[in-house]
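Quick note: numbers below take in every heavy atom, side chains included, and nothing from hydrogens, waters or symmetry partners.
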Amino acid sequence: MMNVYLSIFTKLESLTVPPVWHTVLRICLPILAIVIVFRSARSLLGFRREPEVWAWLRLGADQLIPVTHWENVLGRKRTADIVLDFATVSKNHAVLTRRDDGGWTITDIGAKGRVEVNGNRVLNGSVSYGDVINLGGLEMRLEPVSKEEARLQSGARTKAGKGHSPGLTLVLLTLLQALLVFSFVINDAGPLARIFTSFAILAGVEWAFFIAQKLIHRSGFEVETIAFFLMSFGLAVAASSDPANLYKQLVSMGLGMVIFLIVGLCLRDLETAAKLRRVAAIAGVVLLAANLALGSRVNGSQNWIYLGGFSFQPSELVKVCFVLAGASTMDRIVTRRNLLLFVLYTAFIGACLVVMNDFGTATIFFLGFLAIALLRSSSYPSVALILAGVGMAAVMVVTVILAVKYFPYVRNRFAGYGHIWAYMNDKGYQQANSLICIASGGLFGLGAGCGWLKNVAAADTDLVFAFVCEEWGLLMAGTMIIALGALGLFVVRSAKVARSSFYTIGATAAISILLGQAILNFFGTVDFLPLTGVTFPFVSSGGSSMMCCWGLLAFIKACDTRQNASFAVKLSQKEAEKA
């Protein structure tokens with residue numbers, strides 16, 4: 001069988017294709033890519049944003065206040081989830097939380113007035129329907145939504161993929177992958193058997209994952225489709241620049257998907273996720289400590305650990321730990337203890353990255369930190385958090401200035417910034433050639449394997465945007481940015497109706513890191529910013545980066561509030577039967 005398989009590709013390598021087919025393929029690929037991204041984005045962004053009512057709070061005889069989140073801050077402040085404009089109620093008085101089993105708990109968050117349930121003071125206790133909650137003398141009764149209200153809300157909830165058919169989008173993605181392989185065939189570029197096998201494995205995995213989600217009654221697959229779409233570019237880049245790296249990328253994808261599933265399953269139970277925050281925080285500390293002790297310096301940064309024939313970047317995996325620890329801690333940021341712990345944890349990570357000379361990754365973590373801080377910018381602790389962020393930024397600026405002065409590696413990167421044409425043979429060599437290759441590729445590219453940029457160091461990592469532009473065109477490269485932008489808009493829209501601030505914070509921090517990486521990678525390539533060595537999510541070669549991106553994607557998936565969309569949200573038996 002293997003001999004037959006190899007003989008087929010031997011014949012393909014000798015195949016002569018008329019020039020017109022080269023032109024047709026170069027035009028069809030970006031059109032197909034645009035259609036895939038458009039369909040995925042339209043499906044993701046076309047859902048209802050009206051919040052659902054999960055319970056009612058009755059004040060007096062005739063005033064009903066809707067409870068629209070799984071986690072609700074009750075207080076006098078206008079930015080509270082449930083505003084209680086009474087003098088005896090503190091600005092942030094208590095948190096009313098819906099458990100996964102449908103029950104409720106209430107937590108005193110340091111208010112001046114007591115929190116009581118049925119006349120008994122509680123700091124963190126259960127609340128049942130019909131119980132009377134007393135906040136500083138203000139009494140209210142927790143009441144359930146009626147069966148008719150629940151039925152109407154369930155019927156009005158947007159069903160993932162409705163009218164957009166994620167299955168059809170996946171068919172188009174498979175066709176795109178087949179055309180990418182064909183582009184290597186007609187250009188006789190690279191080992192065709194290895195390239196075909198790699199793309200066949202990718203297509204098989206994405207279809208198996210799609211079918212598995214259908215079997216558990218999930219209908220939303222747009223987030224994963226965008227990830228597989230970007231991964232198709234990653235495999236194409238590897239096939240052109242370093243075909244021997246293809247199987248490594250596939251293994252990284254497999255490990256990343258395992259992380260994606262594990263994190264997603266942990267997010268199904270918020271109490272479990274909250275308990276895991278300590279494990280995640282400790283894991284991040286251990287990984288960075290190991291990096292400091294065992295890391296090897298590559299291109300000026302001590303961010304790699306080599307074990308036998310394998311290497312990985314611990315700082316990439318720390319990003320997932322950071323988001324999990326930050327989201328599960330900061331969902332109750334109104335407590336000063338959580339605020340202090342998170343600031344110290346972030347400062348520790350930043351200090352380690354500065355010592356390792358990895359300023360690009362330090363910037364990414366800082367963006368994630370700011371995203372979390374801005375979500376709680378309306379309270380005094382949050383103002384303190386932002387001030388801490390400003391302080392960290394100032395420290396980073398001073399550190400960078402000192403690094404530019406005393407470390408040649410950093411100094412060369414900043415010296416070439418903005419003057420790449422004057423230093424195009426040394427300090428600006430990478431970016432100058434990237435811009436030349438972007439221009440030579442035009443809208444439709446030179447063709448798979450026909451680019452020159454692969455001869456430049458870090459072409460398939462730091463300069464991957466220019467790599468895609470040169471071989472597949474600016475239109476194809478632009479769809480990568482649009483695809484990530486669609487995920488960003490999806491998180492923004494979902495955050496407004498998220499069932500818990502945990503999901504909101506986790507998804508916002510995750511997309512901030514992914515978009516931050518893409519922006520730094522793109523702007524560094526075209527000399528709008530100094531080249532930082534940050535990878536483009538899912539596209540740049542690198543196993544650690546791939547695993548990190550899949551791990552962060554789980555937080556975005558968990559934020560999906562559409563009906564039966566996310567495996568990170570449990571379905572009731574009735575919902576599963578209707579799906």
Side-chain contact, heavy-atom cut-off 4.5 Å: [X] with [Y]?
X	Y	value
Ile556	Leu514	yes
Leu170	Leu173	yes
Met480	Phe536	yes
Phe209	Leu261	yes
Leu235	Gln249	yes
Val318	Leu288	yes
Met546	Met257	no
Pro66	Trp56	yes

If you round to the nearest 0.5 Å, how far is [atom2] of [Y] from [atom1] of [X]?
X	Y	atom1	atom2	result
Ile82	Leu57	CD1	CG	5.0 Å
Leu44	Arg39	CG	CZ	12.0 Å
Leu74	Asn92	CG	CG	10.0 Å
Ser494	Asp560	OG	CG	6.0 Å
Ser40	Ile226	OG	CD1	5.0 Å
Leu255	Leu250	CG	CG	11.0 Å

Which heavy atom of [X] sits nearest to which heavy atom of [Y], and what is that distance?
X	Y	answer
Leu59	Glu139	CG-O, 4.2 Å
Ala554	Gly264	CB-N, 3.9 Å
Ala510	Leu552	CB-O, 3.5 Å
Leu135	Val89	O-CG2, 3.7 Å
Gly485	Leu515	N-CD2, 4.2 Å
Ala55	Tyr129	CB-CE2, 4.1 Å

Task: Contacts of Gln313 that satisfy side chain to side chain donor-acceptor pair (under 3.5 Å) - sequence neighbours left out - done: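 Side chain to side chain donor-acceptor pair (under 3.5 Å) list for Gln313, sorted by chain: empty.
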
Task: Residue pair Phe210, Leu215: steps toward the side chain to side chain contact (heavy atoms under 4.5 Å, CB included) verdict - done: CA-CA 9 Å; Phe210 175 73; Leu215 291 176; over 6 Å; no

Open item on the list: Apply side chain to side chain donor-acceptor pair (under 3.5 Å) to residues Tyr503 and Trp70 and explain how you reach the verdict.
Closed with: CA-CA 10 Å; Tyr503 293 134; Trp70 283 8; over 6 Å; no

- [ ] Please work out whether the ring planes of Phe322 and Phe365 are parallel, tilted or perpendicular, with thresholds of 30° and 60°.
- [x]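 Correct class here is perpendicular.
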
Task: CA sep, side-chain torsions, deciding dist, call: Val132, Met140, side chain to side chain contact (heavy atoms under 4.5 Å, CB included) - done: CA-CA 6 Å; Val132 176; Met140 65 199 79; over 6 Å; no

Task: Test item: Asp85 side-chain N/O and Arg76 main-chain N/O as donor-acceptor pair under 3.5 Å - done: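 No, the answer is negative, given that no donor and acceptor are paired below the 3.5 Å cut-off.
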
Task: Pair Lys557 + Glu224: basic N to acidic O under 4.0 Å - done: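 Counted as a salt bridge, because a side-chain N and a carboxylate O are separated by less than 4.0 Å.
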
- [ ] Flag the pair Arg121 and Glu116 as a salt bridge only when some basic side-chain nitrogen lies within less than 4.0 angstrom of an acidic carboxylate oxygen.
- [x]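 No salt bridge links Arg121 with Glu116.
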
Task: Partner of Glu71 under side-chain contact (heavy atoms from CB on, under 4.5 Å), chosen from Leu96, Thr504, Asp81, Thr97 - done: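 Going through the options one by one, the only one that passes is Thr97.
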
Task: Check: Trp550 ring centre within less than 6.0 Å of Phe555 ring centre - done: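 No, too far apart.
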
- [ ] Report yes or no: do Ser540 and Thr535 form a side-chain donor-acceptor pair below 3.5 Å?
- [x]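 Side-chain D/A pair, Ser540 to Thr535: absent.
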
- [ ] For the residue pair Thr174 and Trp207, confirm or rule out a side-chain donor-acceptor distance under 3.5 Å.
- [x]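 Side-chain D/A pair, Thr174 to Trp207: present.
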
TODO: List the steps and the verdict of side chain to side chain contact (heavy atoms under 4.5 Å, CB included) for Phe221 and Lys214.
DONE: CA-CA 9 Å; Phe221 198 69; Lys214 284 292 185 182; over 6 Å; no

Task: Ser232 and Gln177: CA distance, side-chain angles, deciding distance, side chain to side chain donor-acceptor pair (under 3.5 Å) verdict - done: CA-CA 7 Å; Ser232 301; Gln177 292 161 349; 2.9 Å; yes

TODO: Run the numbers on Arg141 and Asp131 for side chain to side chain contact (heavy atoms under 4.5 Å, CB included), then give the verdict.
DONE: CA-CA 6 Å; Arg141 187 183 301 275; Asp131 287 350; over 6 Å; no

